[in-house]
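One structure is given here, and the rest of the page talks about it.
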Amino acid sequence: MKATAKAHTNIALIKYWGKRNEELILPTNSSLSITLDRFYTETTVEFNEQLTSDSFYLNGEQASEKETLKVTKFLNLVRELSGDTRHATVSSTNHVPTAAGFASSASGYAALAAAASKASGLQLEGEELSKLARRGSGSACRSIYGGFVEWQKGTKDDGSDSYAVPILEQEAWDLSILSVMIESKQKKILSREGMKRTVETSPFYDGWLKATEEELQIAKKAIEKRDFELLGETLEKNAFKMHATTLGADPPFFYWQPATLEIIDYVQQLRSQGVLAYVTIDAGPNVKVICEPKDEQKVYQTLSEIDSVKEIFVCHPGPGISYL
Ligand code: ADP
Ligand code: DP6
Ligand code: CO
């Protein structure tokens, strides 16, 4: 009747950017991520026959009607699967900034999928749990697993083959991911809205699709061979291409701020000094810098000298779902 789950966020090295089915959250391309140890969500779900509606508390405060409706829509999927029609109280704590480009929707919906399914007596694991989490937020399907994870887009219309698979476990390859915060405010254009507009209106979207499948294959090969330089070059190119598509949208938009470019410039300078560091950016202005652990100190030092940098969160590969 009651369950608590913990899920970590993930950072995409090859981005998910666009849906072929919005209702089922089916992506146009496969994507690849690393689950992070530093950022996570803890969610408790309790079903109770006394309740006449669902309620949702985020970080100790009752969420807005709109946010609660999103959670109810998700719980409806769980109720359909379990046959349990009771309403629920959902309490969630984000140990990550919410809606700021740090993937709170990934840890948020992975934790909700795990807690809600367990509380309703379903025993979902792996593939099935990943598919459920996907229905809340696409990137959440990857947070079921730790380490390096691929979301295979699938080909079926019903989404039955669109889920994440672990490709390398957390301990197998340690990398440093420095999450550089320049802005903790919520983004103006949520990921969902941004990718939809891009798919519908950007003439650059076809170019993105063409490049990204090949970049995914290169990234997977680089992971297999532990070739950090190849992985870094590939993930940086992929992130830049994703952001380029938004400039072609109608109306056009972009997530970057002046400080975003400043950090990119510093990272390029580091590379010219022989330090292998690469950037990736999600739907927001904040930058994630990826390097090998041996260079972490040097990269941290360099980035912390930039005035516009508010905070740097040092992350490493993290674990998959757990129950508390
Ligand atoms: P982010 O970069 O943080 O993933 P998104 O735009 O993808 O930003 O998603 C933000 C949305 O994710 C929020 O508006 C909210 O609807 C949802 N969300 C965030 N945290 C949680 C949570 N703990 N539980 C349920 N939903 C959440
Ligand atoms: C840029 O998973 O947040 O972070 O499926 O609409 O909830 P919805 O979007 P979301 O999109 C993530 C986009 C991204 C890239 C990625 O994480 O792969
Ligand atoms: Co998100």
Side-chain angles (χ1 to χ4, degrees), residues 5-7 9-36 39-45 54 56-61 63-75 90-116 133-143 149-151 153 162 164 179 183-199 208 212 216 235 238-239 241-243 245-246 255 280-286 288:
K6 178 177 180 181
T9 65
N10 67 76
I11 177 71
L13 308 180
I14 300 295
K15 306 294 183 190
Y16 145 53
W17 191 241
K19 297 175 179 67
R20 63 179 200 271
N21 181 321
E22 281 166 26
E23 176 64 22
L24 298 175
I25 310 201
L26 300 178
T28 52
N29 64 278
S30 297
S31 54
L32 177 77
S33 60
I34 305 180
T35 303
L36 302 178
F39 294 128
Y40 60 93
T41 297
E42 277 176 4
T43 300
T44 300
V45 177
D54 300 315
F56 176 38
Y57 296 84
L58 182 57
N59 296 333
E61 280 177 34
S64 67
E65 229 172 278
K66 196 175 157 207
E67 286 298 329
T68 307
L69 187 65
K70 266 169 119 172
V71 166
T72 285
K73 272 187 71 182
F74 185 78
L75 290 174
V90 176
S91 309
S92 185
T93 306
N94 280 341
H95 297 268
V96 56
T98 302
F102 287 102
S104 69
S105 69
S107 56
Y109 274 98
L112 181 58
R134 191 200 78 217
R135 298 290 302 271
S137 178
S139 54
C141 80
R142 299 185 306 238
S143 277
V149 182
E150 179 183 358
W151 175 10
K153 67 179 173 138
S162 185
S179 284
E183 180 67 81
S184 58
K185 279 208 299 263
Q186 302 210 350
K187 51 184 114 168
K188 289 196 197 86
I189 302 175
L190 291 174
S191 308
R192 185 153 305 178
E193 194 190 331
M195 67 176 83
K196 180 172 155 60
R197 191 191 300 174
T198 305
V199 171
W208 157 259
T212 199
L216 174 67
L235 71 89
N238 187 262
K241 279 196 197 80
M242 176 199 121
H243 286 270
T245 65
T246 72
Y255 287 108
T280 186
I281 306 162
D282 277 344
N286 300 303
K288 288 89 187 172

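Remember, it's 1-based here, ligands and their atoms both numbered in the order they're listed.
- For atom 22 (C) of ligand 1, the closest non-hydrogen atom on the protein side is Gly108 CA, 3.6 Å.
- Judged by distance alone, with hydrogens and angles left aside, the side-chain atoms of Asp282 form no donor-acceptor pair with the main-chain N or O of Gly284 at under 3.5 Å.
- Considering backbone and side-chain atoms alike, Gly138 places an N or O below 3.5 Å from some N or O of ligand 2.
- Closest heavy-atom approach to atom 24 (N) of ligand 1 within the set Phe74, Tyr109, Phe56: this belongs to Phe56.
- Closest to atom 4 (O) of ligand 2, if we only count protein heavy atoms, is Asp282 CG, 3.2 Å.
- Geometrically, ligand 2 and Arg192 share a nitrogen or oxygen pair separated by less than 3.5 Å.
- Arg20 places a side-chain N or O within 3.5 Å of a backbone atom of Pro27 that can act as its donor or acceptor partner.
- Judged by the 6.0 Å distance and 45° axis criteria, Lys188 is not positioned over the aromatic ring of Tyr255.
- Environment of NZ in Lys19: crowded, with over 12 heavy atoms of neighbouring residues, nucleotides or ligands closer than 6.0 Å.
- When only non-hydrogen protein atoms are considered, atom 6 (O) of ligand 1 lies nearest to Leu190 CD2, 3.2 Å.
- Contact atoms of ligand 2 toward Met242: 1 (C) (distance under 4.0 Å to a heavy atom of the residue).
- Between Met195 and ligand 2 there is a heavy-atom distance shorter than 4.0 Å.
- Side-chain contact of Arg142 with Ser33: a donor-acceptor pair under 3.5 Å is present, judged by distance alone.
- Remark: distances from the non-hydrogen atoms of Ser31 to ligand 2 are all 4.0 Å or more.
- Close approach of ligand 1 to Phe102 (heavy-atom distance below 4.0 Å) involves ligand atoms 2 (O).
- Between the side chain of Arg134 and the backbone N or O of Leu24 there is at least one donor-acceptor pair closer than 3.5 Å.
- When non-hydrogen atoms are compared, ligand 2 lies under 4.0 Å from the side chain of Arg142 (C-beta onward) but not from its backbone.
- The main-chain N or O of Trp208 is never found under 3.5 Å from a side-chain atom of Thr212 such that the two would form a donor-acceptor pair.
- Residue contacts with ligand 1: Asp282 is excluded, as none of its non-hydrogen atoms falls under 4.0 Å.
- Under 4.0 Å from ligand 1, not a single heavy atom of Val90 appears.
- Residue Ala12 approaches ligand 2 through these ligand atoms, each under 4.0 Å from one of its heavy atoms: 16 (C), 17 (O), 18 (O).
- Taking every heavy atom of both residues into account, Tyr109 and Lys70 meet most closely at OH-CB, 3.7 Å.
- At least one donor-acceptor pair closer than 3.5 Å links the side chain of Lys187 to the backbone N or O of Ala283.
- The one candidate from Ser191, Ser107, Ser105, Ser143 that meets the side chain to side chain donor-acceptor pair (under 3.5 Å) condition with Ser137 is Ser105.
- Each of the atoms 2 (O), 3 (O), 10 (P), 17 (O) of ligand 2 lies under 4.0 Å from some heavy atom of Ser139.
- In this structure, of Ala63, Ser104, Gly101, the residue bringing a heavy atom nearest to atom 3 (O) of ligand 1 is Ser104.
- Distance alone, capped at 3.5 Å, is enough to place a donor-acceptor pair between the Ser162 side chain and the Lys153 backbone.
- Remark: ligand 2 atoms within the under-4.0 Å shell around heavy atoms of Ala283 are 1 (C).
- In this structure a side-chain-to-backbone donor-acceptor pair under 3.5 Å is present from Asn238 to Lys15.
- Here the shortest heavy-atom distance to atom 18 (N) of ligand 1, taken over Ala100, Ser64, Ala115, Ser105, belongs to Ser105.
- Side-chain N/O atoms of Thr72 and Asp54 include a donor and acceptor closer than 3.5 Å.
- Around atom 15 (C) of ligand 2, the closest heavy atom drawn from Tyr16, Tyr109, Trp151 belongs to Tyr16.
- The Co ion (ligand 3) has an N, O or S atom of Ser105 under 2.8 Å away, backbone or side chain.
- Side-chain atoms of Trp151 and Ser30 include no donor-acceptor pair closer than 3.5 Å.
- Regarding atom 14 (O) of ligand 1, its nearest protein heavy-atom neighbour is Glu67 OE2, 3.2 Å.
- The side chain of Ser105, and not its backbone, has at least one atom closer than 4.0 Å to an atom of ligand 2 (non-hydrogen atoms only; side chain from C-beta on).
- Neither the backbone nor the side chain of Gln186 has any atom closer than 4.0 Å to an atom of ligand 1 (non-hydrogen atoms only).
- The N/O atoms of Trp17, backbone and side chain alike, include none that comes under 3.5 Å of an N/O atom in ligand 2.
- Between Phe56 and Ser92, the shortest heavy-atom distance links the atoms CE1-CB, 4.1 Å.
- Near Ser92, meaning under 4.0 Å from any of its heavy atoms, are these atoms of ligand 1: 22 (C), 23 (N), 24 (N).
- Checking side-chain atoms of Ser104 against main-chain N and O of Val96 turns up no donor-acceptor pair under 3.5 Å.
- Looking only at protein heavy atoms, the nearest one to atom 10 (C) of ligand 1 is Ala99 CB, 3.7 Å.
- Taking any N or O of Asn10, backbone or side chain, none lies under 3.5 Å from an N or O belonging to ligand 2.
- With atom 20 (N) of ligand 1 as the reference point, the heavy atom nearest to it among Thr98, Thr9, Thr41, Asn94 is part of Asn94.
- Within the structure, ligand 1 lacks Ala283 among the residues with a heavy atom less than 4.0 angstrom away.
- Side-chain contact between Leu112 and Val71: present, with at least one pair of heavy atoms (C-beta onward) separated by less than 4.5 Å.
- For a threshold of 3.5 Å applied to N or O pairs, the pair formed by Lys19 and ligand 2 contains at least one separation below that value.
- Scanning all protein heavy atoms for the shortest distance to atom 2 (O) of ligand 1 gives Lys187 NZ, 2.9 Å.
- Between the side chains of Thr93 and Asn59, no donor-acceptor pair of N or O atoms lies under 3.5 Å.
- Short contacts between ligand 2 and Ser137, defined as distances under 4.0 Å to a heavy atom of the residue, involve ligand atoms 2 (O), 3 (O), 5 (O), 7 (O), 8 (P), 9 (O), 10 (P).
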